[in-house]
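Each remark here refers to the structure printed beneath this line.
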Amino acid sequence: MTNIKKVGFIGIGRMGYPMAGHLAKAGFELIVADTSRELVDRFVTEHGASAPKTLAELAQAADVVITMLPTSKIVRSVILGDGKGNCVAAGLEKGKIVIDSSTSDPVDTRALGAELAKRGIDMLDAPVAGGVVFATDGSLDITVGGDAALVETCRPLFDAIGKSLFHCGPLASGHAMKALNNYVNASALITAIEALSIGAKFGLDMKTMIESMTAAATGRNNPIEKKVIPQVLTRKFGTGMALSLLAKDTRIMVDIAKAIGGYAPVAERCSALWSEAAETFGADLDQTYVAKLWEENNNVLLELKS
């Protein structure tokens with residue numbers, strides 16, 4: 001396939017909605033599906049898209065199908081179905097393409113890709129990074145796994161939603177890289193929160209700590225500058241990414257390590273802490289609510305007063 005015109009997009013939530021919107025603005029014909037009928041109707045009205053009754057019909061109408069869903073198990077269910085026929089694979093012809101932009105388990109991605117290959121269907125994994133803000137302005141970072149020629153075929157899609165594209169290797173490499181990146185960010189965020197909470201408990205001034213850490217221990221993209229200062233210390237807690245998603249992503253990192261016989265004790269503890277925060281405070285709360293795990297246990301409030 002060399003000329004992609006019609007794109008089926010499954011999962012138009014907080015990330016998927018603006019991503020699909022950018023594809024529509026770039027000139028692609030969108031066919032959308034979501035569990036929320038309200039979101040589907042709104043997207044159809046705003047972008048002139050269509051919304052078939054079944055996933056099979058969506059797949060039949062599309063050149064490429066993109067999934068943006070919570071977990072790899074849901075992705076597999078949507079693509080391969082439960083044996084009742086209403087699934088993406090039931091409507092795909094040989095040579096069509098599936099792109100999973102969800103943050104999925106790479107082990108599951110490999111298995112799904114193998115199943116699709118038996119049917120003559122190509123697959124890429126292309127998870128995105130940057131959150132709702134970058135999804136909205138079309139500047140996501142995309143890590144892609146799959147055949148290099150297929151990546152180039154789909155590049156116009158990636159160019160419409162992102163500012164940078166990293167081809168990480170064969171299928172599932174993009175998902176593996178996304179899990180590694182999210183683990184580094186998740187562990188850096190709670191490391192900063194832990195340091196600030198112990199400093200606050202010791203009696204150090206918050207402004208002094210932030211200025212010192214920014215100068216001595218962080219880079220431009222460190223969570224201190226992107227999340228702690230603008231979201232935790234202001235008490236806004238509004239990055240747009242849920243606690244449950246970081247809990248899931250750090251768990252994927254642990255699963256990868258286990259699958260390859262790796263040693264990752266820091267990742268195991270990091271994952272446990274994110275899961276604890278999600279279970280304690282609410283899975284749907286913003287990721288920055290993880291700070292409350294340290295605030296409550298240290299009896300401090302991480303706040304930067306003007």
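Residue numbers start at 1 and run along the sequence shown. Given the structure is predicted, the values throughout are model-derived calculations rather than measurements.
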Self-check item: Rounded distance (nearest 0.5 Å) linking atom CG of Leu301 with atom CD of Glu296
Solution: 11.0 Å
Quiz item: Taking atom types as modelled, is there a side-chain donor on Thr103 or Asp249 under 3.5 Å from an acceptor on the other?
Solution: no
Quiz item: Which residues pass the salt bridge (Lys or Arg N to Asp or Glu O under 4.0 Å) test with Asp205, sequence neighbours left out?
Solution: none
Quiz item: Do you know the tightest heavy-atom contact between Ala278 and Ala247?
Solution: CB-CB, 4.5 Å
Quiz item: Side chains of Gln231 and Thr239: donor-acceptor distance under 3.5 Å anywhere?
Solution: no
Self-check item: Asp63 and Val7: CA distance, side-chain angles, deciding distance, side chain to side chain contact (heavy atoms under 4.5 Å, CB included) verdict
Solution: CA-CA 6 Å; Asp63 300 318; Val7 179; over 6 Å; no
Quiz prompt | Which atom of Gly138 lies closest to which atom of His22, heavy atoms considered | solution = N-NE2, 3.2 Å
Quiz item: Taking all non-hydrogen atoms of both residues, which atom of Phe43 and which atom of Gly21 are closest, and how far apart?
Solution: CE1-N, 3.5 Å
Quiz item: Just by distance, do the side chain of Thr280 and the backbone of Ala277 share a donor-acceptor pair under 3.5 Å?
Solution: no
Quiz item: What are the two closest heavy atoms between Gly146 and His167, and how far apart are they?
Solution: O-NE2, 2.7 Å
Quiz prompt | Glu211 bridged to Lys207 by N-O distance under 4.0 Å | solution = yes
Practice problem: Give a yes-or-no answer on whether the side chains of Lys227 and Thr288 include a donor-acceptor pair shorter than 3.5 Å. | Solution: no
Practice problem: Could you tell me the separation between the SG atom of Cys87 and the CG atom of Leu80, rounded to the nearest 0.5 Å? | Solution: 6.5 Å
Quiz item: Is there a donor-acceptor contact under 3.5 Å linking the side chains of Thr109 and Asp125?
Solution: no
Quiz item: With side chains defined as the heavy atoms from C-beta onward, is the minimum distance between Asp255 and Met253 less than 4.5 Å?
Solution: no
Quiz item: Do the side chains of Phe202 and Ile210 join up, straight or via other hydrophobic residues, at under 4.5 Å, putting them in one cluster?
Solution: yes
Quiz item: Do the side chain of Arg251 and the main chain of Trp274 share a donor and acceptor less than 3.5 angstrom apart?
Solution: no
Quiz item: Does Glu194 reach the main-chain N or O of Ile190 with its side chain, forming a donor-acceptor pair under 3.5 Å?
Solution: no
Quiz prompt | Whether Lys305 side chain and Met206 backbone form a donor-acceptor pair below 3.5 Å | solution = no
Quiz item: Do side-chain atoms of Asp286 reach the backbone of Gly240 as a donor and acceptor pair under 3.5 angstrom?
Solution: yes
Self-check item: Pair Tyr17-Glu46, side-chain donor/acceptor within less than 3.5 Å
Solution: yes
Exercise. Spell out, as yes or no, whether a donor-acceptor pair under 3.5 Å connects the side chain of Lys201 to the backbone of Asn298.
Key: yes
Quiz item: Below 4.5 Å, heavy atoms only, C-beta onward: do Ile79 and Glu115 meet side chain to side chain?
Solution: no
Quiz item: Is there a side chain to side chain contact (heavy atoms under 4.5 Å, CB included) between Asn182 and Met241 once you walk through the steps?
Solution: CA-CA 12 Å; Asn182 277 13; Met241 186 173 188; 4.2 Å; yes
Quiz prompt | Atom pair CE/CD of Met213 and Glu225 - distance to nearest 0.5 Å | solution = 13.0 Å
Quiz prompt | CZ-CG distance between Phe166 and Asn181, expressed to the nearest 0.5 angstrom | solution = 8.5 Å
Exercise. Please tell me if the side chains of Phe9 and Leu23 come closer than 4.5 Å, counting only heavy atoms from C-beta onward.
Key: yes
Exercise. Verify, without hydrogens or angle tests, whether Ser212 (side chain) and Thr208 (backbone) share a donor-acceptor contact under 3.5 angstrom.
Key: no
Practice problem: For the pair His175 (side chain) and Met177 (backbone), establish whether a donor and an acceptor sit closer than 3.5 Å, ignoring hydrogens and angles. | Solution: no
Self-check item: Path from Leu285 to Leu293 over hydrophobic side-chain contacts below 4.5 Å
Solution: yes
Quiz item: Just wondering, do Glu295 and Leu302 contact through their side chains at under 4.5 Å, heavy atoms?
Solution: yes
Quiz item: Side chain of Lys178, backbone of Val128: donor and acceptor closer than 3.5 Å?
Solution: yes
Quiz item: Which is it for Lys96 and Arg119 under the side chain to side chain contact (heavy atoms under 4.5 Å, CB included) test, yes or no, and what are the steps along the way?
Solution: CA-CA 10 Å; Lys96 287 193 175 183; Arg119 306 170 187 233; over 6 Å; no
Exercise. Could you check if a side-chain atom of Ile31 sits within less than 4.5 angstrom of a side-chain atom of Pro52, using non-hydrogen atoms only?
Key: yes
Practice problem: Please answer: with hydrophobic residues joined when any side-chain heavy atoms are less than 4.5 Å apart, are Val107 and Met123 in the same cluster? | Solution: no
Quiz prompt | Reported CH2-to-CG distance for the pair Trp294 and Leu196, which is rounded to 0.5 angstrom | solution = 11.5 Å
Practice problem: Taking only Lys NZ, Arg NE, NH1 and NH2, and the carboxylate oxygens of Asp or Glu, determine whether Asp41 and Arg37 approach each other closer than 4.0 Å. | Solution: yes
Quiz prompt | Beyond-backbone contact of Phe158 with Val144, side-chain heavy atoms, under 4.5 angstrom | solution = yes
Quiz item: Can Leu273 be reached from Val184 by stepping across I, L, V, M, F, W or Y side chains whose heavy atoms are under 4.5 Å apart?
Solution: no
Quiz item: Leu140 versus Lys163: any side-chain heavy-atom pair under 4.5 Å?
Solution: no
Quiz item: Hey, does the side chain of Ser197 reach the backbone of Ile193 with a donor-acceptor pair shorter than 3.5 angstrom?
Solution: yes
Practice problem: State whether a side-chain donor-acceptor pair under 3.5 Å links Asp137 with Ser139. | Solution: yes
Just list the side-chain donor-acceptor pairs under 3.5 Å for residues 65-77, sequence neighbours left out, or say none.
unit_1, atom_1, unit_2, atom_2, d
Thr67, OG1, Asp100, OD1, 2.9
Thr71, OG1, Ile74, N, 3.2
Ser72, OG, Asp108, OD2, 2.6

Exercise. Taking all non-hydrogen atoms of both residues into account, name the closest pair between Gly95 and Asp122 and its distance.
Key: O-OD2, 4.1 Å
Practice problem: Kindly indicate, with the supporting measurements, whether the criterion side chain to side chain contact (heavy atoms under 4.5 Å, CB included) is fulfilled by Leu243 and Val290. | Solution: CA-CA 7 Å; Leu243 270 173; Val290 73; 3.9 Å; yes
Quiz item: Under the criterion side-chain contact (heavy atoms from CB on, under 4.5 Å), which of Ile121, Leu116, Thr54, Val78 is the partner of Val88?
Solution: Val78
Quiz item: Could you give the distance from SG (Cys154) to CD1 (Ile97), rounded to the nearest 0.5 Å?
Solution: 4.0 Å
Quiz item: Does the side chain of Thr234 reach to within under 4.5 Å of the side chain of Leu304, using non-hydrogen atoms?
Solution: no
Quiz item: Below 6.0 angstrom between ring centroids: does that apply to Tyr289 and Phe281?
Solution: no
Self-check item: same_hphob_cluster(Leu204, Ile229) at 4.5 Å side-chain heavy-atom cutoff
Solution: yes
Practice problem: Identify the heavy atoms of Met19 and Ser101 that sit nearest to each other, and give their distance. | Solution: CE-CB, 4.3 Å
Self-check item: Geometric cation-pi criterion Lys6 and Phe28, 6.0 Å radius, 45° cone
Solution: no
